[in-house]
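Can you keep this structure in mind? I'll have questions shortly.
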Amino acid sequence: MLELLTEKFSGTLSKLKKARKLTDKVINDALRDIRLALLEADVDYEVTKRFLKKVRERALSSEVKKNLSPAEQVITIVYEELVNILGKEKEDLKKGTVLFVGLQGTGKTTTIGKLAHLLKKKGFKVAVSSTDVRRPAAMLQLERLAERVGVPYYSFEEGLSAVELARKAVERAKREGVDYLLLDTAGRLHVDEELMEELRSIKEEVKPSEIIYVADAMQGQTALETAKTFHELLGLTGVVLTKMDGDARGGLALSVRETLGVPIKFIGVGEKIEDLEPFYPDRVAQRILGLGDIQSLVERAQEVIPEDKAQHLSTKVLAGDFNLEDLREMLRMIQNMGPLDKLLGMMPGIGAQLKNVKVDDKQFKRIEAIINSMTPEERQNPRIINMSRKKRIARGSGTSVSEVNKVLKRYEEMRKVMRKLKGAGGIPMPKFPFGGFGR
């Protein structure tokens, strides 16, 4: 996500680290690089111009702290201005009827399914329905998604208009005490008057709490222009950007709030049903600047790892007193958190370095297969594993003796490092497995 921007900004900041003073030349060189990075990322030209003007004014003002290095001064200003144009703070979805609009092919129906999953997981009562009378396949797709997520799909008799379907869905949601009714609408390959008139009629009939525009982040300025049209005619209250995981540029994310004046509420970061995330301006700004996203990493860990289990395991690991069964449990926890490349991308300074690195999640499976092929006694006490045992473990796991040796060697290295750090007093016992960050 936003890999091009992260790469370009990291290069600019590396140059700044060599500067001893924040002179006009240093500022101009940095701003030139940032300007090229933003335009190459397809950020709106006017947004880019206003952003650079604010950064320049602040960098040359008396607010600059003399005790910071040039790189620290610029990165602080750029970070704060990035947060400003991204929307300052995360904005929650208002309860009620949420109307989803957008062109065909942007992932609108899939996004509704993902959002239903996310809201249900947070404990809200959710229902979904569709008003797309022209595409029965879209209705069927949403119904299937609803079944998969485990939320009601409201269907009604055939022959009703889009407005009538919307009204009936809202009436039923009110009767059933639904927190969020997610209402899909028809899309087109381009904006036309017939579509807009239908959407205006639905809006007037159901008076939604939110009107969310779903945009394909890979379309850049094209999507922004279309969003402007929808906003002028309907009054959007928020935007969802899909395909953020496949967008190397990310200019749309930096242009939406500043151009439309409406917040980005969620971003789609993959094809799985759980791959929809709330949009946090500060976290996205941190990732653009290569500062990682520790908050999201910890929140993901908290979602999938029981805290009592994490506490018990982290205590053993940090004491250097863990066995191969504990190592297997750690690997399973990491796998439950999602693809390894996404997790590493949240670590400070790592995201930009992953561009040409192939992260193989299958390594976890091979290591787990090796540990599974051991007896309980061998997992508890790996020192008893001799050559004949290694051959048996390799055969049972479909690997080689050399791979078994690598697992055992890395395990011993981990134990030694942890014991040394513990002996030096370098590691406090954490409340949660990432040292308590973000709590």
Side-chain angles (χ1 to χ4, degrees), residues 93 96-121 124-176 178-192 194-203 205-206 208 210-219 223 226 230 234 239-243 245-246 266-276:
L93 199 67
T97 300
V98 183
L99 196 65
F100 287 82
V101 300
L103 295 184
Q104 194 173 313
T106 57
K108 182 157 50 73
T109 304
T110 304
T111 295
I112 292 173
K114 290 179 177 180
L115 182 56
H117 171 75
L118 181 64
L119 293 170
K120 182 190 174 188
K121 195 167 65 171
F124 295 109
K125 190 172 182 179
V126 185
V128 302
S129 191
S130 175
T131 66
D132 192 350
V133 294
R134 292 174 185 81
R135 294 178 61 236
M139 287 185 164
L140 182 59
Q141 180 190 3
L142 185 57
E143 186 173 5
R144 294 276 169 80
L145 283 168
E147 288 175 4
R148 184 177 167 194
V149 172
V151 301
Y153 172 80
Y154 292 167
S155 60
F156 304 96
E157 63 270 24
E158 293 183 9
L160 297 177
S161 69
V163 176
E164 290 169 331
L165 287 170
R167 184 181 69 250
K168 282 181 171 289
V170 171
E171 289 171 352
R172 181 172 169 183
K174 287 179 179 177
R175 287 197 306 270
E176 297 181 358
V178 166
D179 295 312
Y180 290 98
L181 171 63
L182 310 183
L183 204 56
D184 199 4
T185 61
R188 294 284 195 282
L189 294 176
H190 54 81
V191 177
D192 64 39
E194 184 185 11
L195 170 65
M196 287 303 167
E197 184 56 40
E198 179 178 285
L199 294 176
R200 277 194 294 258
S201 298
I202 293 174
K203 176 188 174 182
E205 179 66 37
V206 304
E210 298 264 15
I211 301 178
I212 303 295
Y213 179 77
V214 180
D216 181 341
M218 298 182 74
Q219 292 180 351
T226 307
F230 274 85
L234 297 171
V239 173
V240 175
L241 298 184
T242 62
K243 304 178 187 177
D245 57 315
F266 299 93
I267 52 174
V269 293
E271 296 179 0
K272 296 179 181 177
I273 200 72
E274 62 269 17
D275 288 339
L276 185 75

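Here, residue 1 is the first one in the sequence, and each next residue gets the next number.
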Residue pair Lys108, Thr185: steps toward the side-chain contact (heavy atoms from CB on, under 4.5 Å) verdict: CA-CA 9 Å; Lys108 182 157 50 73; Thr185 61; 4.0 Å; yes
CD1 on Ile211 to NZ on Lys203, rounded to 0.5 Å: 4.5 Å
Ion pair Arg200/Glu197, N-O distance below 4.0 Å: yes
Ala186 versus Leu195, closest heavy-atom pair with distance: O-CD1, 3.4 Å
Working for side-chain contact (heavy atoms from CB on, under 4.5 Å), residues Glu157 and Lys168: CA-CA 11 Å; Glu157 63 270 24; Lys168 282 181 171 289; 3.7 Å; yes
Minimum-distance pair of heavy atoms, taken over all atoms of Pro136 and Val133: CD-O, 4.4 Å
Side chain to side chain, Arg172 and Arg175, heavy atoms closer than 4.5 Å: yes
Euclidean distance, Leu182 CG relative to Glu210 CD, rounded to 0.5 Å: 11.0 Å
Atom pair CD/NZ of Glu176 and Lys125 - distance to nearest 0.5 Å: 6.0 Å
Qualifying residues under side chain to side chain contact (heavy atoms under 4.5 Å, CB included), relative to Thr226, sequence neighbours excluded: Leu103, Val191, Tyr213, Phe230
Partners passing side chain to side chain contact (heavy atoms under 4.5 Å, CB included) against Arg135 (at least two apart in sequence or in another chain): Gln104, Asp132, Ala138
Beyond-backbone contact of Leu115 with Val240, side-chain heavy atoms, under 4.5 angstrom: no
Contacts of Ser155 that satisfy side-chain hydrogen bond (donor to acceptor under 3.5 Å, both in side chains) - sequence neighbours left out: none
Partners passing ring-ring contact (aromatic ring centres under 6.0 Å, His included) against Phe266 (at least two apart in sequence or in another chain): none
Side-chain heavy-atom pair Lys114, Leu145 within 4.5 angstrom cut-off: no
Side chain to side chain contact (heavy atoms under 4.5 Å, CB included) partners of Val151, counting only residues at least two apart: Ala116, Lys120, Val126, Val128, Ala146, Val149
Minimal non-hydrogen separation, Ala169 against Leu183, with atom names: CB-CD1, 4.1 Å
Asp216 side, atom CG; Thr242 side, atom OG1 - distance, nearest 0.5 Å: 4.5 Å
Nearest heavy-atom neighbours spanning Arg134 and Glu198: NH1-OE1, 2.9 Å
Spacing of Leu241 atom CG and Thr106 atom OG1 [to the nearest 0.5 Å]: 10.5 Å
Side chain to side chain contact (heavy atoms under 4.5 Å, CB included) involving Ala173 - partner list, sequence neighbours excluded: Tyr154, Val178, Leu181
Side-chain heavy-atom pair Glu164, Arg167 within 4.5 angstrom cut-off: yes
Side-chain heavy-atom pair Tyr153, Met139 within 4.5 angstrom cut-off: yes
Side-chain donor-acceptor contact under 3.5 Å, Gln141 with Thr110: yes
Straight-line distance of Leu142 CG to Thr109 OG1, nearest 0.5 Å: 6.0 Å
